[in-house]
Amino acid sequence: MSKTKRPRKQHTTLAHAGRDPARFDGFVNTPVYRGSTVLYPTLECIEKDAQDFSYGRLGTPTVEALQSALIELEGGDATLLTPSGLSAISTVLLAFASSGDHILVADSVYRPTRRFCDNVLKRLGVSTTYYDPCIGAGIADLITDKTKLVFTESPGSQTFEMQDIPAIADAAHARGVVVVMDNTWATPLYFKPFAHGVDVSIHAATKYIVGHADAMLGVITTNAATTARVAKTHDELGLCPGPEDVYLALRGLRSLHVRLERHQQTGLALADWLAAHPEVDRVLHPARPNDPGYALWQRDFTGASGLFSIVLKPTSRDALAAMLDDLELFGMGYSWGGYESLILPFDPRRYRSVTTWDAKGPALRLHAGLEHIDDLKADLEAGFARLAANS
Ligand SMILES: Cc1ncc(COP(=O)(O)O)c(C=O)c1O
C-alpha cells in the first residue's frame, strides 16, 4: 500500500503505514468503507475471483490499511482482525487445537482466555495444562506428544510476571509446538514477538492501539508457517470487525508512540512514588530495577506501557472502599490503554491454579493515563488519607 523506499524508523511507520492518499482522491486517511456486497463487472471476473475485494466480511480497503500497517510494525507475514481481543485469542486457539490435543497456557493469562480453555476447549476435547509463567526452558518437561500450542502473555495479566519467551519458544519448537503470545501490554512497539520466536501474536487493539476507550478490536498477526491455518479458521468462523472500529484503530495507531511514551513515563513515576508510600506493601512493574522480571524486560522489551499493579498493606474492605469510591481521576473499570487513568481491585487466588499469591493486603491494578502526574498523585494521596482514616 504505502511506498517503502528507504528503511524507516518505527515512528515514521506509524505515520505512514497503511495509507495511500493517491488512491483516495488525495485524502490523507483511508476512508471508512461500510459494505457487504461487492460487485463484479463480468462473468470472467467472478469466475476467476479476479478483484481485490469480494465480500464485506472478507475485507475492505479500511481493513486492509490497518492490516498492512500492523504487518509492517510487528514484522509478521499476515494480520487478521476480529471484533474483540478475546475473539482473536479464541480464533487462534481453535485454529490449532482439535479433539484429543493438549495445550499449555500460562497461569497468569487474561482470565477470559482461561475461561475459554476451561469451558469451550474442554467441551471440544482439548485439555489444558496451566504452567508457572516463570518456567522458562522448563516448559520442555510439560510438552507431550499431544501438545499443539503454548500460550504466553508477558507480562502476565494483573500480576506482571515476565516470561522468557525465547527460551519457551526454543523448547516448543524443538517439539514442533506453536508459540502464541498475547502481546497487548507491550503493543507492537515495545516487544517484537517474531524476533523472539513467537509464531502468532495477538493484541487486544481495544487497549493502546485504539487508545481512546471508544472501540473494541482484536488483532492476530502470524508468521509464514501459521498464516494459512489461522486464516482458514478466521474465515470459517465468519469474524469481521465493525468498520468504524477499524478506522478508530488506524487513527489511534498514528499517535501510539507519543501516547505510550507518556503512559510509560507517568506509570513509572507513579510506581516509584507508590513504592515509597507507607500504605503500599509492594509494586509489580517489570520495568523497575528491583522487580523480579526486570532482567527479562530489559533484555527483550524496548519500553513499558502504563499498566502495573500494587499490593497494599493489610486493611479492611471499608477502608479500601473509602479510598476507591471517592477517587476523582482514577476510574474503576475493566479496560485500560485509553487516555484516562484507571484503578481496579483484583484477587488472583480466585482463579489461578499453579502459582501462589501470598499477598496479605488487597491488590490494585493501575493504568496511568495522560493526565498530569501531580494531579494523579494528589488523587491517590487523598484516597490514601481516606483509607488511613477508615482503617
Ligand atoms: C491482556 C488482555 N488480552 C486480551 C483482552 C481482551 O480484549 P477485548 O476486551 O478486546 O476482548 C484484554 C482485555 O482486558 C486484556 O487485558
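First listed ligand is number 1; within each ligand, the first listed atom is number 1. This is a predicted model, so every value here is computed, not measured. If you read the sequence from its start, that first residue is 1, and numbering goes on from there.
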My understanding is that a hydrophobic cluster links ILVMFWY residues whose side chain heavy atoms are under 4.5 Å apart, including indirect links. Using that, what else belongs to the cluster containing [X]?
| X | value |
| --- | --- |
| Leu320 | Leu270, Trp273, Leu274, Val280, Val283, Phe308, Ile310, Leu312, Met323, Leu324, Leu327, Leu329, Phe330, Met332, Ile343, Leu364, Leu366, Ile373, Leu376, Leu380, Phe384, Leu387 |
| Val32 | Tyr247 |
| Leu43 | Tyr40, Ile46 |

Can you measure from CG (Leu93) to SG (Cys117) and round to the nearest 0.5 angstrom?
5.0 Å

At a 4.0 angstrom heavy-atom cut-off, what protein residues surround ligand 1?
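Contacting ligand 1 under 4.0 Å are Ser84, Gly85, Leu86, Ile89, Tyr110, Glu153, Ser157, Asp182, Thr184, Ala204, Thr206, Lys207, Met216, Trp336.
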
Run through Thr226, Asn223, Thr227 and flag the one making a side-chain hydrogen bond (donor to acceptor under 3.5 Å, both in side chains) with Asp77.
Thr227

Is the Lys NZ or Arg CZ of Arg259 less than 6.0 Å from the centre of Tyr339's six-membered ring, within 45° of the axis?
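Ring-cation test returns no.
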
